[in-house]
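The figures that follow rest on heavy atoms only: side chains count, while hydrogens, waters and symmetry mates do not.
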Amino acid sequence: MKNKDHISRNEFEKLLQTFSKEDAKEHLDDFDRDALEGWQQSGIPFSRMKQLDQKMKFPKVNFAPYILGISILGLGILAFILLQSPSETDPEKKPVLVKVENTDIHIPEEIDTLEAIPQKDQITVKEIKTSQNEIKNLTPENKKEELIDIPFPQLVLEPLPPVIEQKPVTVSKQKIAKEIYLQDLKAIDYSQYRMKPSVQIEQIILTGIPADRKDKDDIVPEEPQVKTVNVPYMDYLDKSLNYTNRGKWKQALSRFNEILKNYPDDVNARFYAGWCYYNLGQYNDACVNFSACLQLEFSNFNDEAEWYLAESRLANGDKNSAKELFIKIRNQKGFYSKQAEKVLKSWK
């Protein structure tokens, strides 16, 4: 046969019926010819092959659903073992560690004993955000002339705190730093002016017991650990401003003071600490921090710091100093000029 592949049963039966020696010599090779001759000599009828087919016939079965079902069952059993027996698969499971910053749970006593002034008298978050946003969007024509240096009246500014090493800077010598906004509040981007700025703080590590430990009643929790860590400056400032957004003046102030321990000349911390001190009724401390903003290297907070310094002087009962500041603010023709004019007119 020319095609060595298998042939059907019908084709084989037809070949037997038409087979002859002449045909075999002409069309078949020796192996095929011998095979056909052997079949004819055996005398076995072709119907016997059909009977054999019936005996050997097996039903066709699709095993795919069975294999899939067994696989799913196996995965289910494995998942059940892992979820239901954590103590057996991981008997040495470690306790849960919770890391918190010391100032988040331990507010210094000198701050914790302070009480916030009534809400109606506070400098609100909305007020600060609105003014900062409007100052940012002022056109150059509406901004005060940077070259005009109107000196502060005598005894209006508080001396810089002794921890600040630099000498006071006059307004004309100040520079505008690059800004970013965190929690929708303005901030100087000190990453542009300090090498990898960070805030060194105390971190408390609390040890907890996993809820799935069967023997947790027999475990004695470890004592909290305290260690000193360095937190990236921008991350620490962002969380601090989040506290001010929520009116958590004590927590926020504790954190701004931590920044000032690391960077006494930090204008961000000075301004926002002044805000916290004001809302906690500590007007002298507010004046110190707002005054510092006006004597440090960067002038980004000058508009707000001047205004709230005047407000702090007034709230502290020092109307004369407040009046001198309001006059200066009015004459500078800056953002708060019209508000200062309104205050001065109300005193006539």
Asks: Is there a donor-acceptor contact under 3.5 Å from the side chain of Gln122 to the main chain of Ile117?
Replies: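 Pair found, side chain donor or acceptor close to backbone of Ile117.
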Asks: Keeping the roles fixed (side chain from Asp303, backbone from Tyr336), state whether a donor-acceptor pair exists under 3.5 Å.
Replies: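 Not a single qualifying donor-acceptor pair exists.
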Asks: So, does Gln132 use its side chain to make a donor-acceptor pair with the main chain of Phe301 at under 3.5 Å?
Replies: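 Checking the backbone N and O of Phe301 against the side chain of Gln132, no donor-acceptor pair under 3.5 Å is found.
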Asks: Check the surroundings of atom NZ in Lys248: do more than 12 heavy atoms from other residues, nucleotides or ligands lie under 6.0 Å from it?
Replies: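 Not more than 12 within 6.0 Å, no.
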Asks: Any donor and acceptor pair, going by atom type alone, linking the side chain of Ser346 with main-chain N or O of Val343 inside 3.5 Å?
Replies: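 Pair found, side chain donor or acceptor close to backbone of Val343.
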Asks: Shortest non-hydrogen contact from Arg330 to Ala340?
Replies: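 Here Arg330 and Ala340 meet closest at N-CB, 3.9 Å.
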Asks: Decide side chain to side chain contact (heavy atoms under 4.5 Å, CB included) for Phe335 and Asn302; before the verdict, give the C-alpha distance in whole Å, the side-chain angles of both, and the deciding distance to 0.1 Å.
Replies: CA-CA 11 Å; Phe335 176 77; Asn302 277 18; over 6 Å; no
Asks: Mark yes or no for whether Asp266, through its side chain, and Ile259, through its backbone, hold a donor-acceptor pair below 3.5 Å.
Replies: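 No, because the side chain of Asp266 does not come within donor-acceptor range (under 3.5 Å) of the backbone of Ile259.
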Asks: Would you say the side-chain atoms of Lys129 pair up with the backbone N or O of Asp184, donor to acceptor, closer than 3.5 Å?
Replies: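 Not at all, since once roles are kept as given, no pair shorter than 3.5 Å links the two residues.
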Asks: Arg313 side chain to Cys287 main-chain N or O, any donor-acceptor pair under 3.5 Å?
Replies: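 No, the answer is negative, given that no donor and acceptor are paired below the 3.5 Å cut-off.
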Asks: Can you confirm whether or not the ring centre of Phe290 sits under 6.0 Å from the ring centre of Phe271?
Replies: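 Between Phe271 and Phe290, which both carry aromatic rings, the centre distance is below 6.0 Å.
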Asks: Taking the six-membered ring of Tyr263 (Phe, Tyr or Trp), confirm whether the NZ or CZ of Arg194 is under 6.0 Å from its centre and within 45° of its axis.
Replies: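 So Arg194 does make the cation-pi contact.
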Asks: Kindly write out the residues that satisfy side chain to side chain donor-acceptor pair (under 3.5 Å) with Glu202, not counting sequence neighbours, or none if the list is empty.
Replies: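 By the side chain to side chain donor-acceptor pair (under 3.5 Å) rule, Glu202 matches Asn102.
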Asks: Once rounded to the nearest 0.5 Å, what's the spacing between atom OG of Ser240 and atom CG of Asn268?
Replies: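 These two atoms lie 10.5 Å from each other.
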Asks: Could you check whether atom CD of Glu110 has more than 12 heavy atoms from other residues, nucleotides or ligands sitting under 6.0 Å from it?
Replies: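 Counting neighbours around CD of Glu110, more than 12 heavy atoms of other residues, nucleotides or ligands fall under 6.0 Å, so yes.
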Asks: Under 3.5 Å, is there a donor-acceptor pair between the side chain of Asp238 and the main chain of Met234?
Replies: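 Pair absent, no side-chain N/O of Asp238 close to backbone of Met234.
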Asks: Please answer whether the main-chain N or O of Pro264 pairs with a side-chain N or O of Arg270 as donor and acceptor at a distance below 3.5 Å.
Replies: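 Looks like yes, one N/O pair under 3.5 Å.
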Asks: If you take all heavy atoms of Ala177 and Tyr193, which pair is closest and at what distance?
Replies: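 The pair with the smallest heavy-atom distance is CA-OH, 3.3 Å.
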Asks: Side-chain donor-acceptor pair under 3.5 Å between Tyr233 and Asn262, yes or no?
Replies: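 No.
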Asks: I'd like to know whether the aromatic ring centres of Phe256 and Tyr243 sit less than 6.0 Å apart in this structure.
Replies: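 Not close enough - the centres of the two rings lie 6.0 Å or further apart.
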Asks: Quick one: which of Leu253, Leu280, Asn289, Thr244 gives a side chain to side chain contact (heavy atoms under 4.5 Å, CB included) with Trp275?
Replies: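 So the option named by the test is Thr244.
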Asks: Counting only heavy atoms from other residues, nucleotides and ligands, does the tally under 6.0 Å from NZ of Lys323 exceed 12?
Replies: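 Atom NZ in Lys323 is not packed in, count stays at 12 or less.
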Asks: Would you mind checking if Glu258 and Lys261 are paired as a salt bridge, meaning a charged N to carboxylate O distance below 4.0 Å?
Replies: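 Salt bridge between Lys261 and Glu258, a charged N being under 4.0 Å from a carboxylate O: yes.
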Asks: Rounded to the nearest 0.5 Å, what separates atom CD1 in Ile105 from atom OG in Ser254?
Replies: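 If I round to the nearest 0.5 Å, the distance is 12.0 Å.
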Asks: Would you call Glu304-Lys186 a salt bridge at under 4.0 Å N-O?
Replies: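 Salt bridge present between Glu304 and Lys186.
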Asks: Give a yes or no answer on whether the side chain of Asn137 reaches the backbone of Asn133 with a donor-acceptor pair at less than 3.5 Å.
Replies: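 Between the backbone of Asn133 and the side chain of Asn137 there is a qualifying donor-acceptor contact (under 3.5 Å).
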Asks: Please give me the minimum heavy-atom distance between Leu296 and Asp265, naming the atom from each residue.
Replies: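 Looking at all heavy atoms of both residues, the shortest contact is CD1-O, 3.5 Å.
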Asks: Taking Glu179 first and then Lys136, would you say they form a salt bridge - that is, a charged N and a carboxylate O separated by under 4.0 Å?
Replies: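 So Glu179 does not pair with Lys136 through a salt bridge.
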